[in-house]
Amino acid sequence: MASAIVLLTLAAVAAQGPAPAAPYSVFSRGGRQPLPVRTIAGQDMFALDDLARLFPLTVREDALAGGLTIGVNNQTIVLTAQQPLASVGGQMVSLPAAPVHEGRSWFVPVDFVSRALAPILGSGLELRKPSRLILVGDIRMPRIAGRVEPLGSLLRVTLDVAPATPHTVTQDGGRLLVRFDADALDAQLPAAPAGSELLQAVRLADPPTVVAFDLGPRFASFRTADQPAPGGATRIVIDLVAQTETTPPAGTPLPSPPPPPATAPADTPPLLDLPPTGGLRTIVIDPGHGGEDTGARGARGTVEKTVALAVARRLKAALEGRLGVRVLLTRDGDQTIAIDQRAAVANNNKADLFVSLHASASVRPAISGAEVFYLSLAEYGDEARRVARGAAEALPVLGGGSRDIEVIPWEMAQARHIDQSAAFAHAVEAALRDRVAMSPRAVQPAPLRVLGGANMPAILLELGVLTNPQQEQQLAGDDYQNLVVQGLIDAIVRFRASTAGETR
Ligand SMILES: [Zn+2]
């Protein structure tokens with residue numbers, strides 16, 4: 001049975017044939033070389049022979065086992081036919097497809113370079129699939145993504161450069177030149193707006209480490225500024241300023257006023273399905289602890305993980321019912337969830353708010369009351385404060401998409417949202433204070449790892465203190481849990497109103 005399947009698979013591969021595809025470019029100190037690509041069964045693949053010409057590989061075929069042993073730097077990569085896996089120095093890594101034996105050559109998916117070769121060859125090997133590049137050694141090839149937007153009478157050009165690279169911006173006749181101190185550029189340049197009289201084209205100049213802007217007839221001057229962007233990138237902002245309008249000669253009619261808005265036809269349905277303004281569409285609630293990690297425990301056996309999940313479920317039902325927002329729980333059962341995984345759920349679902357629920361413990365039974373935390377940046381050093389300061393301007397939204405989580409180091413994600421997180425924490429404190437007992441320090445910043453990775457406003461709420469006998473009883477009961485849920489809903493409504501009109 002197994003061999004029949006193998007034969008069918010091989011037949012299918014042969015029928016599709018290895019199709020040629022655009023080659024990759026391999027950049028090293030020695031220059032630039034093309035690396036052919038074959039598309040086999042929908043996968044872009046490199047021939048191992050080609051890789052062995054570029055990298056110090058020795059390839060041995062093990063006909064008996066149907067696999068390959070590749071020696072690199074005294075380490076070994078083992079590939080097995082039919083398996084999308086590689087053993088890299090004894091560690092298993094996955095590949096998007098199994099190696100393919102085609103004629104006398106073996107082909108491996110392009111990801112073999114990043115997943116199998118790079119770990120062994122070290123940091124000087126980088127695969128950039130979108131731009132079909134492989135960088136070898138200390139090649140300086142920043143990624144540049146640009147966009148152009150009209151800003152009143154200005155035209156604003158933004159170039160996001162990662163990593164930050166020294167550069168100059170100078171005017172050279174009818175061109176503006178941005179010269180980068182780099183070996184090459186991996187650039188996605190924007191098009192000039194159609195019919196613009198300020199900017200006619202954006203292109204790579206000669207040498208191709210210079211980006212040239214061909215200026216239009218109304219260009220008068222430019223100004224430029226650099227902003228640090230998250231993840232060690234730079235944003236270069238260049239404003240192209242137009243010549244001032246000449247005063248229209250006397251007798252020129254004033255521009256006609258805009259036409260009055262057309263009245264909607266009577267049968268136009270009312271717009272009921274507009275998303276709520278303020279951008280609160282998805283809320284992630286994180287019931288703390290779970291599984292073997294019970295969290296705090298009260299004298300009568302009430303455990304934190306159970307209280308947190310009960311409140312989370314009530315809150316989810318109430319939010320969905322009353323606010324019509326999407327609510328996800330990081331766990332909806334009694335399972336263990338890694339701490340970084342909790343913020344990842346929120347990030348992956350593009351949540352607009354993250355609420356982690358806990359109950360605390362104290363060695364002093366008299367301590368009681370709820371407490372609200374947001375992330376303290378003090379322990380994260382200067383970079384976090386820089387990211388936080390640049391929050392409004394440095395949002396790396398390229399081509400309309402938000403890709404900030406790719407470039408912000410994981411633990412920095414929260415830094416940009418710290419002001420909103422603090423505002424939300426205060427809203428929660430104010431709403432809870434009317435309903436339940438609060439701790440003497442009811443709102444405070446703290447270095448909480450669960451919040452650090454969240455790329456949206458985020459708080460952690462200690463619902464109460466389980467080691468206080470009276471609070472243990474309250475925390476386990478419906479009344480207290482409902483009061484907390486009502487308080488959180490009030491706070492979320494207030495927070496949504498305060499952020500209405502802001503876009504993320
Ligand atoms: Zn806890």
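No experiment lies behind these values; they were computed from the predicted model shown. For ligands, and for the atoms within them, numbers begin at 1 and follow the listed sequence.
The atom name of the N/O/S atom in His358 closest to the Zn ion (ligand 1) is ND1. Shortest distance from the Zn ion (ligand 1) to His289 is reached at NE2 (N/O/S atoms only). The name of the N, O or S atom in Glu304 nearest to the Zn ion (ligand 1) is OE2.
Between Tyr24 and Phe46, a ring centre-to-centre spacing shorter than 6.0 Å is recorded.
Crowding of Gln444 atom CD: a count of heavy atoms from other residues, nucleotides or ligands under 6.0 Å exceeding 12.
Phe373 contributes atom CZ, which lies 10.0 Å from atom CG of Leu451 (distance to the nearest 0.5 angstrom).
With hydrogens and angles left out, the side-chain atoms of Thr330 and Gln341 include no donor and acceptor closer than 3.5 Å.
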